[in-house]
Number of protein chains: 2
Amino acid sequence: MAVTLADVAARAGVSAATVSRVLSGNYPVAGGTRTRVLRAVEELEYVVNGPASALAASSSDLVGILVHDIADPFFGIIAGAVQSEMGDGDGSGGRNGRKLAVVCNTGGSPERELTYLTLLQRQRAAAVVLTGGAVEHPEHSPALASRLRRLADGGTAVVLCGRPPLPEPDAAPGAPAPVPGQRAATDEPAGGTEGGARPGGGVRPDGGIRPGGSARPEGGTRPDGGARSEGSGIVTVSFDNKGGARRLTEHLLALGHRTIGYVAGPAERTTTRDRLDGHRLALGAHSPALLEDAERLTVHGGAYDRSAGYDGALELLRRTPRVTAVIAANDTVALGICAALRDQGLRIPEDISVAGFDDLPFSADAAPALTTVRLPLHDAGVRAGRLALGRQAPPPGGVATVQAELMARASTAPPRAD
Amino acid sequence: MAVTLADVAARAGVSAATVSRVLSGNYPVAGGTRTRVLRAVEELEYVVNGPASALAASSSDLVGILVHDIADPFFGIIAGAVQSEMGDGDGSGGRNGRKLAVVCNTGGSPERELTYLTLLQRQRAAAVVLTGGAVEHPEHSPALASRLRRLADGGTAVVLCGRPPLPEPDAAPGAPAPVPGQRAATDEPAGGTEGGARPGGGVRPDGGIRPGGSARPEGGTRPDGGARSEGSGIVTVSFDNKGGARRLTEHLLALGHRTIGYVAGPAERTTTRDRLDGHRLALGAHSPALLEDAERLTVHGGAYDRSAGYDGALELLRRTPRVTAVIAANDTVALGICAALRDQGLRIPEDISVAGFDDLPFSADAAPALTTVRLPLHDAGVRAGRLALGRQAPPPGGVATVQAELMARASTAPPRAD
DNA sequence: CTGTTAGCGCGTTCAC
DNA sequence: GTGAACGCGCTAACAG
């Protein structure tokens, strides 16, 4: 059906192996031969057979990027940044360099997440990047963790971006792990609040990792400097959601707000929990009384979308009409909140303040401009991409945390005097 | 390294062939044997080797979705819809049904578009869906067209979504080609009112379809029912950008506006051109004088993004301070325009009206709610997905057009009396 | 530097 | 209903 390597070889008067070498570019070939081969390729419009090549080399150039919601710019920005790193860059590493970076939309469903990972594993993907908060579920979390480890053991680079690192596979016998919920020390112990102890991740009955640590098949010739040694080789770029949320609430507190509503995301997402933790940390630090009200002032939406904000705001207003400020799970939710508030005849920020999270591009243009917390999504994505390709040494401990920055704008103001 | 079919076969006490048959599910296998095999698969955590399977079967389950900007919800919605069709649906077609639907971000660059197509061709993708307006470029367009035809000839289903159908490959000798820059005659000769006459499903100048039609290599054994026969087999779901734009401008005209600015997208995108055409059609139908001003009142942005709107609006104001309304290339651009206008101290819609296009989710929530044109993006994506999988018979002529609907909201109002 | 020789893991005829 | 071969197109040792 299609033209094959052999066809090209015949046309160029060389052997198939030579053509392969020319195309791979990672082997010395005489100048003249090379041009002849290249010309034959042109003339025949030859296109490598990916599956065959992948089979023979037992490696592919597929890189999967998993996102919860492809229609959400939060993920679009990260995914775009990751992809931008795949392009050409030719990090001195021989080969053609071009990876097929590809984004997979899980729709927030754990099952689809697993399904995609299986499909990617089936394709023997070169790398997989999981973006956004993880879903915490007693059944799903261990399943995900084990699948990820298997991927990593199979030679696929695994990068987590925007979620906490995987819990340790299992405490080594004798060395009691520091509580399942450990994280890079980005949080201060403070207030003893110590958010929800997370479901002690995948406690495997067998324990033990493969002794040798998976050897990367692509025998790295270049001085990676980095210690890919780190545990399973799964690296993570996590966001300082907690710290950002905390600063945001402190901002509101400083403005004088004392009755702050919170429209959170789905309860089982780590992002949701971390942001809520930060919020409560700030509340508790200010006064225990505020912390007590927090529960009642929090409503969980079913997703990080507009309608969650709209409905959540209405619910909040019903429960506690005297709220003077509302914090949203993210910017999109914040917009939904604004819409609901306006529909109720409330002015922002005169009657009520609203704040978001993420600082998506549209937030600065909203009317009024949205107070929010900026997350360097693009940078994080770039970093994740580099890590996935092994172009950058993994951070110490395998975890890098990117900071969140408060963006105080027009949607927040002191509460009304009455 | 990994567990293979043979391992599973051994464990189950059968031959590799049998395991393969069980997994493919498209062949009779004794009940007992099947369960034993399945159990062995479970126990060994066997995962099919995609490349090997693809090589042997010369087909893969990869489906590529190309988008211009992954951070733009316009594409996210379409891509998500396409993906949703890939899931399980098991359209009676034997096999496991699960496709690896995957989105590729071209960033609007023709080169990257071509690159991705090459990569997908290399993977022997089952289908490719190109979304969003095409880039019209004397060099790129033919290159793209020929690559798409080769893909289609190679057995990959090709679906265009949101762009015009490909021009006929080349007039048969004797029938002079309608000029390189041609397109399916979706435009009426202008001047003539000939309103929303829906782009007559690609009224090709020649009428005929390619006689032979490239024989599908995959000697189709299964009764596809559908007539994949159509020309190259490339089907398209196009948007009625022109009709929608026209109705939008008519709306403004009816409100009394006579000096309407237009912040268009990149000049070389078909979407840009189609929308502008519709705009001018309405203008011309109203009065030739308005049409004359149109050129001066149009500014092109470098992309369909916020800053194009912001900058464009400023430029427009500088050139023609007395504009009473501004139409944007799309909703995102419209938001940028609103921001610029507000920064200039203008109120919307009291001082100036603004309208967008697409009706993205956030548009209804903007302040004021944005007047725009709704495109059924989700439906279009679903349709494209079905077409790609051959689950739905291609529309007559290979072209389906989805309609655009005017959404008149608060951002447009009659011009000020002065 | 280049040709030869083996498989990579699976789908698919064939016989049985 | 099941097993035994063969080959998909390419890469990776080895020779030379």
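Proteins get letters first, then strands, A, B, ... in listed order; numbering begins at 1 in each.
Remark: of the listed residues A:T236, A:L389, A:V235, A:V235 is the sole one forming a side-chain contact (heavy atoms from CB on, under 4.5 Å) with A:V159. Of the listed residues (B:E111, B:R112, B:E113), just one forms a side-chain hydrogen bond (donor to acceptor under 3.5 Å, both in side chains) with B:S109, and that residue is B:E111.
Position along DNA chain D of the nearest nucleotide to B:P28 versus B:A52 favours B:P28 as the more 5'-ward residue. Between A:G50 and B:G13, the residue anchored nearer the 5' end of DNA chain D, judged by the nucleotide with its closest heavy atom, is B:G13. Taking for each of A:G31 and B:Y27 the nucleotide of DNA chain C with the nearest heavy atom, the 5'-most of the two is the partner of A:G31.
OP1 and OP2 of C:dG9 both lie 4.0 Å or more from every side-chain N or O belonging to B:T4. Contact check, A:T33 against C:dT2: a side-chain N or O comes under 4.0 Å of OP1 or OP2. The side chain of A:S53 places no N or O atom within less than 4.0 Å of a non-bridging phosphate oxygen (OP1 or OP2) of D:dC10. Not one side-chain nitrogen or oxygen of B:T18 sits closer than 4.0 Å to the OP1 or OP2 atom of D:dT2. Considering only side-chain N and O atoms, A:S15 lies nowhere under 4.0 angstrom from the phosphate OP1 or OP2 of C:dT4.
Checked against D:dA4, D:dG7, D:dC10, the side chain of A:N49 finds its nearest nucleotide in D:dC10. Among D:dC10, D:dG1, C:dC10, the nucleotide with an atom closest to any side-chain atom of B:V48 is C:dC10. Listed candidates were D:dG7, C:dT12, D:dG3. Nearest to the side chain of B:A56 is D:dG7. Counting only heavy atoms from C-beta on, B:V29 has its side chain closest to D:dT2 among D:dG3, C:dG3, D:dT2.
Of the possible polar contacts, one joining the A:S24 side chain to the A:S20 backbone as a donor-acceptor pair under 3.5 Å is found.
Taking atom OH on A:Y46 and atom P on D:dG9, their separation rounds to 10 Å, with Å as the unit. We find that CZ of A:R34 is positioned 12 Å from C1' of C:dC1, with the value rounded to whole Å. Whole-Å rounding puts the B:L23 CG to C:dG11 C1' distance at 12 Å.
Using a 3.5 Å distance cut-off with no hydrogens or angles, the side chains of B:Q121 and A:N49 do not pair a donor with an acceptor.
Residue contacts for B:L5: at a heavy-atom cut-off of 4.0 Å it reaches the sugar-phosphate backbone alone, with no base atom in range. Contact annotation for B:A17: base contact, defined as any heavy-atom pair under 4.0 Å involving a base atom.
Applying the 3.5 Å distance criterion, the base of C:dG9 shares no donor-acceptor pair with the side chain of A:R124.
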